[in-house]
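Accompanying notes for the structure given below.
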Amino acid sequence: MRAEKMWGWFLTLPSLIHTVIWIGIPVVVAIGMSFTDYDIVQAPTFAGLANYAEILRDEVFWKALGNNALMAAFGVPISMFIALIAAVALNQGLKGQGFFRTMIFMPHVTATVAIAMIWLWIYSGDPSGLANRALGFFGLAPQNWLTNGDLALPAVIVVTIWQGIGLKMLIYLAALQGVSKELYEAADVDGASTIQKFFNVTIPMLRPATFFVLVTSIIANFQTFDLVYNLTNGGPANATTVITYQIYVAAFQQFRMGYATAQSVILLLVLVVLTIISRRVVGGTDGD
Amino acid sequence: MTDLNTVTEIEKVKPLKPVRQKSAKRSRRIGRIVLWVALLLFSLVMVLPFVWMIFTAVRPAAELAQPNPPFFPRAWDFNNFVRAFEAAPFGIYARNSFIIGAVHVVTVLTLGSAAGYALAKLRFRARNWIFAWFLATMMIPFYATVIPSFLLVRFMPLFGGNDIFGQGGQGWINTWWALLIPGAVGAFSIFLLRQFYVTTPTELIEAARLDGLSEPRIWLQIITPLIKPGLLTVALLAFESGWNNFLWPLLVTSSEDLRVIQVGLSVFRQESNTQWDLLMAGTALSAVPMIVLFLFFQRYFVNGFVNSGIK
């Protein structure tokens, strides 16, 4: 069918051109630019691997990478654990579970900038900040949550945990729909307790979902920017800086485009590897 | 003998069974009540930051000035919203974000459903390659393309005083083009719409062709009406990402006329000397529209978000 062929091209072409211009070409340009010393003002000159060599020596970059790793190592498992418990609890057919689900998911639909503002106020150093009121309730001294170098990163991680529970819970809930009731009935016949069923039926059946949530959450964690920008500006003394924030600083405050793109290429490699892993696990959805 | 024994044993046990079931039922019921209370408490903790936001936004200034104001505001004072509007043009910010969200809904639905339909239902040789390309672009994080995209906007030829080589002017910086064009369509919307189109019956297309209907009419009038839930899902996600976007508008605009709500909020915070009541009023303005939209169209949001996780 010639008309079908023609319309196939015609209908996909606008989107195809759009993604080539705004994603395809930028990726190629970014990789190319990472081997230059481009600074917007002067024409770029070839710099070889100088940017990558500098990254290796850049303590702040390693600090940022370490912070991303810490956020992933602590934030993701805690958030996943809470989300799993919430999902199992919401899968019991209790009254008002739709209402609970809505409340738990709300942080996910809210703009991260707005969330940062709310937590800025919760973490406010003056005693009327909510976090310090909570400390005061237990007779503890108020803290400067976001300006104390030891507390700032944990404080940011708490926000990512809170914000991340909703989506993880939804994916777990979707996965729980696929767990056959017969398995639980068989466990009932064997006299298994609720706890035993949770560990011996639910957890193993949710293993693919768990792995998937883990990888996609790490990917999302590596792209944290709005929160850090608005909550701490990466401070104090780079205590909460992350790779995306370093890219922003290098590119749009120092105008070191070559150096910034080299950092973004490293981020790209990390995330593409993680994405391929997650797609392997889910499998099947690409084809069909 | 042994056979007889077992039979009597079973008969002995039988009457006991209902009693056991009853106590098991009761303990299960208690378990469910405990679970329900735990869920309620957990949900309250999850929404506490939003509650705190609202309470601060309506707290009378005199109360906020107290060293330890009560958790619940004594009176609700909506004057803070008026003062926030006086301190910063939140109306303009909200209008700009709304325009971006609305325009993206239109462009994403048009371009996305065109591509999604073609990839799902039309047979042409490059189809699989194009689909693989879209899937590949979904892997690329925004932070890997943001710098060249910014430079492309900045050096856009023949715009904003630029010559044909993109030199001499500002390009698309501080224009609606910069806010609207790069996000006009995305691979994820195409992918999601394609998944919806795949579920529609191909026989319908073949029958329509036999009736002599043209290809665009089949796409728009026969098949697309069948995937209304898919269109709504994609429209909501497009509006959400337009309304909640922060970094891109921050980079490509600096004039107050084009400032979007999230950037406006961020700038307001830096300039407002942490007047928490005003900041929370502004925050509520930026957060509440999405929350309300979510409450109304939950099912579609959930649909889209779960799919975005499982892409």
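In what follows, every chain begins at residue 1, and chains take the letters A, B, ... in the order their sequences are listed. Computed from a predicted model, the values in this text were never measured in an experiment.
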Against chain A, label B/Leu39 side chain, backbone, both or neither, depending on which of its atoms sit under 4.5 Å from a heavy atom there. both
Segment of B/Trp243 engaging chain A (4.5 angstrom heavy-atom cut-off): neither
Mind checking whether A/Ile40 and A/Met257 have side chains closer than 4.5 Å, heavy atoms only? yes
If you measure from CH2 on B/Trp52 to CZ on A/Arg133, what distance do you get to the nearest 0.5 Å? 4.5 Å
Residue, of A/Trp119, A/Phe225, A/Trp121, A/Trp22, that accumulates the most heavy atom pairs under 4.5 Å with chain B: A/Trp121
Under 6.0 Å from the ring centre and within 45 degrees of the ring axis: does the NZ or CZ of B/Arg127 meet both conditions for the six-membered ring of B/Phe124? no
A/Ile247, A/Thr102, A/Ile243: which one forms the most heavy-atom pairs within less than 4.5 Å of chain B? A/Thr102
We want to know whether A/Asn230 and B/Ser266 form a side-chain donor-acceptor pair, criterion being a heavy-atom distance below 3.5 angstrom. yes
Modelled atom types, side-chain donor and acceptor of A/Tyr245 and A/Asn233, under 3.5 Å: yes
With a 6.0 Å cut-off on the ring centroids, do B/Phe246 and A/Tyr229 count as close? yes
Part of B/Leu64 within contact of chain A (heavy atom distance under 4.5 Å): side chain
Using non-hydrogen atoms and a 4.5 Å limit, figure out which bit of B/Trp36 sits close to chain A: side chain, backbone, both or neither. both
Heavy-atom distance under 4.5 Å to chain A: side chain of B/Leu152, backbone, both or neither? side chain
State, to 0.1 Å, how close B/Pro70 and B/Glu63 come at their nearest heavy-atom pair, and which atoms those are. CG-OE2, 3.6 Å
Please classify the contact of B/Arg32 with chain A as side chain, backbone, both or neither, using a heavy-atom distance under 4.5 Å. both
At a heavy-atom separation under 4.5 Å, does B/Gln262 approach chain A through its side chain, its backbone, both, or neither? both
Ion pair B/Lys121/A/Glu4, N-O distance below 4.0 Å: no
Please name all residues satisfying side chain to side chain donor-acceptor pair (under 3.5 Å) with A/Thr244, sequence neighbours left out, ordered by chain then number. none
Establish, yes or no, whether a centroid distance under 6.0 Å links the rings of A/Tyr248 and B/Tyr143. no
Any idea which of A/Ala209, A/Ala114, A/Ala86 has the most non-hydrogen atom pairs under 4.5 angstrom with chain B? A/Ala114
Less than 4.5 Å to any heavy atom of chain A: does that hold for the side chain of B/Ala38, its backbone, both, or neither? neither
B/Tyr197 pairs by ring-ring contact (aromatic ring centres under 6.0 Å, His included) with which of B/Phe191, B/Tyr117, B/Trp219? B/Tyr117
Mind ranking A/Ile23, A/Leu170, A/Leu267, A/Leu130 by heavy-atom pairs under 4.5 Å with chain B and telling me who comes out on top? A/Leu130
Check whether B/Leu279 gets within reach of chain A through its side chain, its backbone, both or neither, counting any heavy atom under 4.5 Å. side chain
Turns out that what part of B/Leu293 lies under 4.5 Å from chain A's heavy atoms comes down to neither
Side chain, backbone, both or neither: which part of A/Leu120 has a non-hydrogen atom closer than 4.5 Å to chain B? both
Measure distances from A/Met117 to the heavy atoms of chain B and classify the residue's part below 4.5 Å as side chain, backbone, both or neither. both
Please classify the contact of B/Phe134 with chain A as side chain, backbone, both or neither, using a heavy-atom distance under 4.5 Å. side chain
I'd like to know whether the aromatic ring centres of A/Trp162 and B/Phe50 sit less than 6.0 Å apart in this structure. yes
Would you mind checking which part of B/Leu285 comes under 4.5 Å of any heavy atom in chain A, side chain (CB onward), backbone (N, CA, C, O), both or neither? neither
Most contact-rich option vs chain B, by heavy-atom pairs under 4.5 angstrom, among A/Val29, A/Leu13, A/Thr110, is A/Thr110
So, the part of B/Phe294 with a heavy atom under 4.5 Å from chain A: the answer is side chain
Could you look at A/Phe10 and say if it's the side chain, the backbone, both or neither that has a heavy atom under 4.5 Å from chain B? neither
Can you say whether B/Ile261 sits under 4.5 Å from chain A via the side chain, the backbone, both, or neither, judging by heavy atoms? neither
Can you name the closest pair of heavy atoms from A/Gly98 and B/Gln298 and give their distance? O-OE1, 4.5 Å
Among A/Ser217, A/Ala251, A/Pro14, A/Pro107, which residue has the highest count of heavy-atom pairs closer than 4.5 Å to chain B? A/Pro107
Which bit of A/Ile165 is near chain B, if near means a heavy-atom gap under 4.5 Å: side chain, backbone, both or neither? side chain
